[in-house]
Amino acid sequence: MRLHSYACRLLFPLLALAGHAGAAPVAQVHVRPDGVEAMQGDTRLRVLFVTDRIVRVSATPNPQWSTRAGMMRVPVRDKPGPVVVSQDDATLTLRSAALAVSLDRASGALTVRDRAGRIVLREDPASPRSFARTAVIKSVPDPATVRSVRTVDGERQQAGAYRQARDREAWRAEVRFRLGDDEGLYGLGFDETADLNLRGKTKRLYQHNLRVAIPFLVSTRGYGLLFDSYSAMTFADGPDGMSVGSDVVDELDYYVALGPSMDGAVAAFRQLTGAAAMLPRWAYGYIQSKERYETQQEVVDTVRQFRDRKIPLDLIVQDWNYWLPGRWGSMVPDPARYPDIAGMTSAVHAMNARVMISIWPNPSPLDPPGQALKDRGFLSSGSGYVDFLRPEAADFYFDQVWDTLGRHGIDAWWTDSTEPEVADWNGADRPADADRKNIDGLAKVIDPQWLNAYGLANSQALDRFWRRHAPDRRTVDLTRSGYAGSQASGAVVWSGDISATWTTLARQVVAMQRYSASGLPYVTFDIGGFFVKPGKQWFWAGDYPQGVDDAGYRELYTRWLQVGAFMPMFRSHGTDTPREPWRFGAPGTPFYDAILASIRLRYRLLPYLYSEAGHAYRDGGSLIRPVAFGFPQDRRTHDLKGQMLFGRDILVTPVLEPLYYGKASVPLDPPARQVDVYLPAGTWFDFWTGQAVPGARTVRVDAPIGHIPVHVRAGTVLPLGPARQYADEPMDAPIEIRVYPGADGQYVLYDDAGEGRAYERGESSRIPLHWNDAARTLTIGPREGRYEGMPRKLRFRLVVVGPRTGHGLDEGTGAGHTVEYSGKPLRIRAGAAGS
């Protein structure tokens with residue numbers, strides 16, 4: 001057996017301490033056009049402006065700066081204006097047009113201020129930074145101990161023993177800050193907890209089935225912090241301040257970005273790490289998946305049932321085990337069950353739907369692609385996983401994917417298991433030291449300096465592959481691991497193999513918001529939970545042994561799907577029980593009707609959702625956000641876990657407790673089927689009734705099984721499309737412009753071809769919409785831009801929300817005024833068909 005390996009782990013204890021802040025004053029200052037370089041004892045220090053609003057801070061005890069290229073960074077087009085440097089005996093100050101950075105000469109601590117002189121962020125003046133020398137140990141698996149181990153994630157190659165030797169020395173680095181008492185802090189990806197505001201929390205950051213680490217934080221003060229580090233990290237916030245440490249680096253390297261809003265801080269993150277790629281329009285529709293469809297005929301028949309039942313659908317997913325028995329991770333379909341992949345995709349395409357298929361980074365060596373990867377030494381350290389951190393290995397792997405699957409018409413990719421070791425994914429109880437075990441396990445198969453980057457490397461390689469083989473199609477990569485920069489490669493991260501409980505649903509609502517706050521807009525979950533039944537392992541912990549036959553699970557699934565309709569990707573998936581809508585009842589029954597209503601709502605929202613995606617790509621926006629992003633001055637929003645913003649002005653309140661049935665179909669009889677909703681300041685409209693409600697208070701809202709509470713802020717201009725069966729279905733119906741009166745409002749309706757890469761060259765259209773509340777007039781401005789296939793004319797219907805119009809799924813066919821728009825400005829007055 002031939003095994004390629006280049007995997008290292010850390011050797012503890014740490015060997016030496018160096019560069020502790022305060023050990024020496026700042027000296028040898030060298031002024032550059034974009035900032036300064038200096039020495040603090042034996043530590044090099046660098047403060048450089050990337051733009052007027054983004055500052056890069058670097059420090060290292062090494063004699064030279066590292067020349068190794070990072071994986072997350074992209075070139076930044078904007079450049080800073082003049083950087084003015086002034087100094088006295090105590091302080092060195094650098095000023096751009098947007099902010100000032102002061103360097104304390106005695107301690108080396110930095111303080112960032114805005115143009116008005118207000119402190120935005122400061123390093124701890126007592127101890128801003130520290131470095132501790134560490135040895136990195138290369139782990140080489142003993143070939144005699146490599147064996148196949150059956151796990152929940154399939155059969156894995158695992159080494160029982162490793163030979164270890166010192167590979168090199170590096171640094172464990174930490175930076176410390178002092179935060180304001182009133183600021184909220186968000187990001188760092190997600191984990192299994194219900195932590196939204198990270199103040200007072202401690203997090204060990206690494207990739208896992210149930211967590212994704214993103215080294216970015218954003219504050220209600222309007223700044224962001226990005227750490228250009230790929231090792232395991234530790235975040236801690238407490239009475240003595242906040243610290244962020246990396247296990248293995250050549251140098252400490254972080255960026256401070258002044259928004260000055262929270263959304264602006266996220267936009268700066270995208271400047272540094274890449275614009276969020278547009279998904280094809282169909283990827284924003286409904287996605288049906290389960291573990292698993294077992295034949296290609298079942299895939300085709302399922303799509304046909306959707307079409308026959310008039311249930312909207314855009315994508316069907318083929319999960320794992322489409323290969324021959326015993327060939328875990330293979331990309332070669334079983335010829336008995338999948339004899340004609342091209343025929344399968346063609347049949348699905350003929351019904352105006354697409355196909356996603358699961359591919360695994362541990363291809364079976366019993367098939368030619370897996371054997372070829374093994375023979376070339378392209379696998380990582382005894383794990384059987386492709387070494388995606390080596391571009392030649394990644395490119396060879398995806399060439400095999402194209403030959404076996406891609407060329408047959410596959411539309412989207414599910415890159416599962418993109419963290420090559422999850423050491424605690426077994427046993428009845430999770431070990432108390434799970435973080436240590438998981439990090440140690442990862443460090444045996446990945447160089448620990450790049451331990452968090454495996455999923456990022458996978459997504460970047462997939463995007464390269466798809467651009468090469470399908471240049472006229474956008475990348476869709478559903479993956480279980482991501483990192484800063486993944487958003488530029490078409491990656492959509494899902495939250496792993498979660499269990500079907502109400503507690504899990506509540507935590508998932510938080511996880512989705514935290515991930516989006518981390519700068520990456522595309523995130524999703526398994527609607528209904530992956531594990532529905534209880535199992536023997538600690539993670540297989542669903543509450544519903546009867547699955548879909550339990551009315552309690554039907555209620556949980558329905559509420560989960562109602563939240564999913566507002567997610568960036570709307571996808572049902574899981575094991576233990578079927579997932580198709582008709583499994584939850586017949587037409588006319590409550591759960592079925594509620595599920596269908598949510599799917600139809602998703603399609604009505606497509607013009608808005610696609611515009612928000614365009615805003616995310618062009619301007620660095622987000623599709624979902626914590627409520628604090630819209631109301632950072634309102635401290636009641638800082639840890640508002642059970643609500644979220646969809647787009648800019650739609651407030652969604654998921655139902656996170658059963659109101660109809662307990663487990664085992666036990667009926668509940670609550671005093672009222674209502675939930676509490678906190679409405680920030682302003683006037684809000686109930687989306688379902690059109691009732692105006694004053695904000696800055698908590699209200700009780702009806703929550704029947706048919707929908708979850710949704711509120712829209714006064715002044716919102718909301719574009720809605722007609723009901724349709726798939727995202728690109730040709731429709732003659734007008735776009736409804738639903739206006740929520742009580743304040744002026746504006747919106748930019750974005751569109752492009754819906755597929756292909758032309759949008760990256762600027763081929764898209766933007767139509768500005770402005771509502772003048774006093775004049776009760778909607779102005780449709782001149783259309784900007786164009787794209788191939790752009791309709792010459794559009795029709796718009798203005799519907800002003802009121803007691804009798806503009807409610808829920810109502811298409812407003814009997815209300816409002818319809819005009820034809822050819823790209824030139826139009827004005828529509830509510831109550832009169834003007835133009």
Side-chain angles (χ1 to χ4, degrees), residues 152-154 207 209 212 277 279-280 282-294 296 298-299 302-303 313-323 328-333 338 341 344-345 348 353-363 369 385-386 388 394 397-398 400-402 404-406 408-420 454-463 465-466 469-470 473-482 486 489-498 522-528 530 564 567-575 579:
V152 175
D153 273 344
Q207 313 296 3
N209 185 305
V212 170
L279 305 180
W282 50 261
Y284 300 94
Y286 177 63
I287 300 172
Q288 184 63 60
S289 180
K290 70 176 182 180
E291 200 275 319
R292 60 190 165 85
Y293 297 110
E294 297 190 3
Q296 71 176 58
E298 187 182 5
V299 171
T302 301
V303 176
L313 174 74
D314 266 282
L315 183 66
I316 187 81
V317 182
Q318 174 61 60
D319 199 358
W320 67 346
N321 276 303
Y322 54 83
W323 48 74
W328 291 100
S330 175
M331 61 184 75
V332 179
Y338 297 86
I341 294 294
M344 179 185 79
T345 58
V348 172
R354 270 80 175 184
V355 177
M356 172 185 281
I357 197 165
S358 167
I359 53 175
W360 291 67
N362 55 314
Y385 274 64
V386 176
F388 288 115
Y397 167 84
F398 280 111
Q400 308 308 301
V401 169
W402 176 260
T404 55
L405 295 169
H408 298 302
I410 299 296
D411 302 284
W413 304 97
W414 182 358
T415 55
D416 207 335
S417 197
T418 44
E419 61 295 296
Y454 187 87
L456 172 61
N458 174 270
S459 292
Q460 290 176 335
L462 189 151
D463 192 43
F465 141 74
W466 201 236
H469 288 291
R473 301 164 73 190
R474 299 177 189 176
T475 304
V476 179
D477 173 20
L478 178 66
T479 183
R480 204 166 70 189
S481 183
S486 292
S489 299
V492 182
V493 165
W494 100 95
S495 55
D497 297 337
I498 53 179
Y522 290 109
V523 64
T524 186
F525 44 42
D526 290 349
I527 290 174
F530 183 74
M567 285 294 114
M569 177 173 274
F570 184 27
R571 165 184 159 273
S572 173
H573 180 68
T575 192
R579 302 294 168 126

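On a predicted model such as this, the values are computed, not experimentally measured, just so you know.
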Go through the steps to decide whether V303 and V355 satisfy the test side-chain contact (heavy atoms from CB on, under 4.5 Å), and finish with yes or no. CA-CA 10 Å; V303 176; V355 177; over 6 Å; no
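- Separation of atoms OG1 (T302) and CD (Q288) is listed at 8.0 Å; rounding is to 0.5 Å.
- Counted by atom type alone, S417 and Y385 present one or more donor-acceptor pairs between their side chains at under 3.5 Å.
- Considering CH2 of W413 and OG1 of T475, their distance stands at 11.0 Å, rounded to 0.5 Å.
- Residues satisfying the salt bridge (charged side-chain N to carboxylate O under 4.0 Å, His left out) test with R474, not counting sequence neighbours, are D752.
- Partners of T404 under the side-chain hydrogen bond (donor to acceptor under 3.5 Å, both in side chains) rule, at least two apart in sequence or in another chain, do not exist in this structure.
- Taking the ring-ring contact (aromatic ring centres under 6.0 Å, His included) definition, one finds that W402 meets it with H469, sequence neighbours left out.
- Applying the salt bridge (charged side-chain N to carboxylate O under 4.0 Å, His left out) rule to D319 yields no partners; only residues at least two apart in sequence or on another chain are considered.
- Judged as a side-chain hydrogen bond (donor to acceptor under 3.5 Å, both in side chains), and not counting sequence neighbours, the contacts of S289 are H573.
- In this view, Y454 satisfies the side-chain hydrogen bond (donor to acceptor under 3.5 Å, both in side chains) rule with no residue, not counting sequence neighbours.
- Looking at residues two or more places apart in sequence or on another chain, you find a side chain to side chain contact (heavy atoms under 4.5 Å, CB included) between S459 and D477, T479, S489, A491.
- Every residue was checked against the side-chain hydrogen bond (donor to acceptor under 3.5 Å, both in side chains) condition with Q296, not counting sequence neighbours, and none meets it.
- For W414 and W320, the distance between ring centers is not under 6.0 angstrom.
- Under the rule for a salt bridge (charged side-chain N to carboxylate O under 4.0 Å, His left out), the partners of E298 that lie at least two apart in sequence or sit in another chain are K290.
- Partners of A461 by side chain to side chain contact (heavy atoms under 4.5 Å, CB included), not counting sequence neighbours, listed by chain and number: A394, F398, R464.
- For the pair P568 and V492, the minimum side-chain heavy-atom distance is 4.5 Å or more.
- Looking at heavy atoms from C-beta onward, L405 lies in side-chain contact with P333 at the 4.5 angstrom threshold.
- Under a 3.5 Å cut-off, the side chain of N209 and the backbone N or O of D497 do form a donor-acceptor pair.
- Looking at residues two or more places apart in sequence or on another chain, you find a side chain to side chain contact (heavy atoms under 4.5 Å, CB included) between R354 and W282, L315, D411.
- By the side chain to side chain contact (heavy atoms under 4.5 Å, CB included) test, T575 is found to be paired with E291, F530, F531, W540, residues two or more places apart in sequence or in another chain being considered.
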Begin from the C-alpha positions of F465 and Y397 and carry the test ring-ring contact (aromatic ring centres under 6.0 Å, His included) through to its verdict. CA-CA 10 Å; F465 141 74; Y397 167 84; 8.7 Å; no
